[in-house]
Undergrad: 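Right, I'll just put the structure down here and ask away after.
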Protein chains: 2
Amino acid sequence: MAQTAADWRERQREATRVEIRRTARGLLVESGPEAMSVSAIARRMGLSGPAIYRYYGSHDHLMDAVIAELFNELTEAIEQARGGRAAPGERLLAMSRALRSWATARTAEFRLLFAAPVPEANRRPDSERRQAGEQFDRIFLREVEALWAERPFPAPDLDRLDPALRAQVLAYTERKRTALPPAAVHVFLTCWTRLYGLLVMEALDQLAFAYTDLDPVFEACLDDISAMLGISEPR
Amino acid sequence: MAQTAADWRERQREATRVEIRRTARGLLVESGPEAMSVSAIARRMGLSGPAIYRYYGSHDHLMDAVIAELFNELTEAIEQARGGRAAPGERLLAMSRALRSWATARTAEFRLLFAAPVPEANRRPDSERRQAGEQFDRIFLREVEALWAERPFPAPDLDRLDPALRAQVLAYTERKRTALPPAAVHVFLTCWTRLYGLLVMEALDQLAFAYTDLDPVFEACLDDISAMLGISEPR
DNA sequence: AATCTGAGTTACAGGCTCTAACAAAAGTTA
DNA sequence: TAACTTTTGTTAGAGCCTGTAACTCAGATT
């Protein structure tokens, strides 16, 4: 089917949006998050400020778009790292390391994604940003499902959990429509929170009081997680 | 000794500074961190903007002062919660819960302290802010020292640690002049990072994707930590 | 009483977000 | 091709912000 002129205009429009986001990200990396101002982006693009508002209705909307794009990029990087290796355990470790590589190589971006308060906007279930975030979570969940399918790891009996916690784990299990039994979901969430927490603290420099090099700290965390998930790491 | 007029002036000055910080904090709680602008603070105090600069040289300096004050307040709240109970283990749990209570009751303030990138300023070892932060860390370390003295918890042999990690633990042990053996310091840091990470993630709403109520999650984390530190919790 | 100091003031420079009104470019149609 | 419509840019400006400069004025010192 031939392209209509409207299609072409729309493509032009999208190209400009891409350039706006690219410029914003350049400023982020060079000069920090507060440098991503509408004015500064426009200036760098050779436009005058208000022109940007033709493409993004507000600074917040622009930020959401940048964040969603980064989420997708990160997701892709991790899927790349997963590769086609046989053992799900190894894949999971590779993915975790890829996540951290991304976080340390792109600290400014990582902070934007994870080390900033999740704003109201992200609560809207239809927001592009939220979608991107959820897809990101999912790739880890899927991998743990594969791991469980291949060789179930020890999961504590749900009855031993605090009822309030159990209810939330059940709700999450339901929501995500995962094949994993709730007890395993609980283990997954525990691991995930731990990994995630460490990376966020690192990104915020909040661990500088004790550590200067977090490589071995992260590896120790991975050891813990491997133990919980019954992954025997080839040392 | 009688007070000189200069003393009185200095007291006035300090009183004004206190009011500035109090006003800033009010704005923080009511309208978020970005509401703590010099202008807004002055406006609310019935002053004109530049007056504030007589008391704090820049917005950043003012923020540092607010943060240092909050650190001290938090430290005091935790020392309060420690109380005089006999068992160091119970004291540690009480302190941890007090920390979380403070974090959840005063989310905006907690975010300011822990969930924002540690700026350069905090690297200056003489900064009031850094001092306050270090004193905060110390109270937990001191308590673990007491715990260790009373009943040493199992600590893994240092030789089993990654050399890079071991070096950092040794350096930290040295720096803090603690009586704790390095192996125990490592356990302490692991526990602390875990607790800390969970609270920061909660404060940033980064766990909302899975949990709505973090009370039981936190308690589960405390269970883990108790196990590592050999604290038998009375259930 | 004259002077000095410190705390406040206004004015302003330069940044930001975002709206309003207008100009120019580009595509559409008679 | 000429006239019309839509889209994309422009400038002007309101109203925030941080921070500096220059001024006023009250209170303490000499």
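Source: prediction; values computed, not measured.
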Undergrad: Check whether any side-chain N or O of B:Y55 sits under 4.0 Å from OP1 or OP2 of C:dG8, and answer yes or no.
TA: yes

Undergrad: Which whole-number value in Å describes the distance from A:Y56 OH to D:dT8 P?
TA: 13 Å

Undergrad: Would you indicate whether A:Q80, at its atom CD, is surrounded by more than 12 heavy atoms from other residues, nucleotides or ligands within a distance under 6.0 Å?
TA: no

Undergrad: Measure from the side-chain heavy atoms of B:S58 and tell me the nearest of C:dC18, D:dG19, C:dG27.
TA: D:dG19

Undergrad: Counting side-chain heavy atoms from CB outward, which of D:dG9, D:dC17, D:dA21 is closest to A:L47?
TA: D:dG9

Undergrad: Do the side-chain N or O atoms of B:R54 get closer than 4.0 angstrom to the phosphate oxygens (OP1, OP2) of D:dG19?
TA: no

Undergrad: Checking side-chain polar atoms at under 3.5 Å, does A:Y56 have a donor or acceptor matched by the opposite partner on A:R21?
TA: yes

Undergrad: Whole angstroms only, please: what is the CD1-P distance between A:I41 and C:dT17?
TA: 8 Å

Undergrad: Side chain of A:A51: nearest nucleotide among D:dT20, D:dG9, D:dC17?
TA: D:dG9

Undergrad: In this structure, how many angstroms lie between the P atom of D:dT20 and the NE2 atom of B:H61, rounded?
TA: 11 Å

Undergrad: Does A:S39 have a side-chain nitrogen or oxygen under 4.0 Å from the phosphate oxygens OP1 or OP2 of C:dG15?
TA: no

Undergrad: Report which part of the nucleic acid B:T16 touches: base, sugar-phosphate, or nothing (heavy-atom distance under 4.0 Å, all strands).
TA: nothing

Undergrad: Nearest to the side chain of A:R9 - D:dG19, C:dG27, C:dC16?
TA: C:dG27

Undergrad: I need the CD-P distance between B:E34 and C:dC16, as an integer number of Å.
TA: 18 Å

Undergrad: So, is B:R13 near the phosphate of C:dA7, with a side-chain N or O under 4.0 Å from OP1 or OP2?
TA: yes

Undergrad: Angle class for the B:F140/B:F136 ring planes (parallel below 30°, perpendicular above 60°, tilted otherwise)?
TA: perpendicular

Undergrad: Is a salt bridge present between B:D60 and B:R129, judged by a nitrogen-to-oxygen distance below 4.0 Å?
TA: no

Undergrad: Would you say a side-chain N or O of B:S48 is under 4.0 Å from OP1 or OP2 of C:dT10?
TA: yes

